[in-house]
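Structure first, commentary second.
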Amino acid sequence: MTAPPPPGPGDHWSGVPQPPMNPVEQSAAQPPVDVLTAFQLLCGVAALGVVNLFASLATVYGDRATYVDQLMRDMRAQDPTLDFSASTMDALMLVALGMSALIGLGVTALYLLFVFKMRRGRNWARMLVTMAGVLMVFLAVPTLFGLGAGGGAGAMVSGGASILQAVLSVGAVVLMHRTDSNRYFLPAVKEQ
């Protein structure tokens, strides 16, 4: 058997106590617990956003006959010479719902990109996620008081998801701006 190699200057397994890392080195090593918890809450916000999106689309899909009739009336009011059938308008409505789903999923993916950058210590991403969280709170206030609420299960799921998104966003914003979190988002001191 051969003996293990002697410990080098950067080896931490040597049994010799190492000096504690300064806060800048420690923050570069691993995010604090508050940032990790905020990251988990923000992933929940994104998941609830997808639930909200599909609940809203399901509500519109369920009542698409009303939307098609309104669209046909509006088009005839603008130009009486246009003649579209109800099946053509229904197909356009389905295309619009599909495009809305794709755009909503794209926005969610972009939001998750910012959330992952925030977890890695990017302060600009923390600010963008904070602004998005504040916006979600303002958008959820009417839902909280039942303003503009429609009927049906889809509207209830959408409203509940919107309120839960606001609650999780507030928790994440608070955690991202606590003392340990603020230290984590400071730019690293450059060695000269």
Side-chain angles (χ1 to χ4, degrees), residues 18 20-63 96-190:
Q18 299 294 322
M21 290 190 286
N22 67 33
V24 173
E25 289 174 346
Q26 190 173 11
S27 68
Q30 182 176 355
V33 173
D34 288 343
V35 172
L36 293 175
T37 304
F39 170 76
Q40 292 168 347
L41 290 174
L42 293 169
C43 287
V45 168
L48 286 168
V50 172
V51 169
N52 191 352
L53 170 70
F54 284 107
S56 299
L57 291 175
T59 301
V60 172
Y61 180 79
D63 199 22
L97 289 174
M99 292 299 291
S100 297
L102 289 176
I103 290 170
L105 291 174
V107 168
T108 302
L110 185 63
Y111 178 78
L112 281 173
L113 174 70
F114 296 150
V115 169
F116 275 89
K117 292 291 184 181
M118 179 278 305
R119 185 181 69 174
R120 293 192 59 199
R122 305 298 192 269
N123 194 40
W124 60 267
R126 176 175 70 152
M127 291 301 119
L128 286 173
V129 170
T130 298
M131 288 187 291
V134 169
L135 180 66
M136 283 182 211
V137 169
F138 281 117
L139 292 176
V141 168
T143 306
L144 186 61
F145 294 110
L147 302 175
M156 288 180 60
V157 169
S158 177
S162 179
I163 292 170
L164 286 174
Q165 276 184 297
V167 170
L168 292 179
S169 293
V170 167
V173 167
V174 168
L175 290 172
M176 286 187 300
H177 292 278
R178 292 185 67 185
T179 305
D180 289 343
S181 300
N182 283 334
R183 199 174 308 124
Y184 176 68
F185 289 104
L186 289 175
V189 177
K190 306 270 192 242

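Values below: all heavy atoms of this structure, side chains included; hydrogens, waters and symmetry mates excluded.
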The criterion is side chain to side chain contact (heavy atoms under 4.5 Å, CB included); which residues satisfy it with M127, sequence neighbours excluded?
N123, H177

If you compare all heavy atoms of [X] against all heavy atoms of [Y], which two are closest, and at what distance to 0.1 Å?
X: L36; Y: P31; answer: CD2-CG, 3.7 Å
X: A101; Y: L57; answer: CB-CD1, 3.6 Å
X: S181; Y: V35; answer: OG-CG2, 3.5 Å
X: A161; Y: L48; answer: CB-O, 3.8 Å

Distance check, rounded to the nearest 0.5 Å: [X] atom [atom1] versus [Y] atom [atom2]?
X: L113; Y: L128; atom1: CG; atom2: CG; answer: 10.0 Å
X: R119; Y: Y184; atom1: CZ; atom2: OH; answer: 8.0 Å
X: M136; Y: N52; atom1: CE; atom2: CG; answer: 10.0 Å
X: M156; Y: T59; atom1: CE; atom2: OG1; answer: 11.5 Å

Would you please name every residue forming a ring pair (Phe, Tyr, Trp, His ring centres under 6.0 Å) with Y111, sequence neighbours left out?
none

So among S158, S100, S162, which one has a side-chain hydrogen bond (donor to acceptor under 3.5 Å, both in side chains) with S56?
S158

A side-chain contact here means heavy atoms from C-beta on lying under 4.5 Å apart; do [X] and [Y] qualify?
X: R126; Y: N182; result: yes
X: L42; Y: L168; result: no
X: R122; Y: F114; result: no
X: D34; Y: M176; result: no

Only one of V45, L53, V50 passes side-chain contact (heavy atoms from CB on, under 4.5 Å) with T108; say which it is.
V50

Under the criterion side chain to side chain contact (heavy atoms under 4.5 Å, CB included), I'd like the reasoning laid out for V129 against V115: C-alpha separation, chi angles, the key distance, then a yes or no.
CA-CA 7 Å; V129 170; V115 169; 4.2 Å; yes

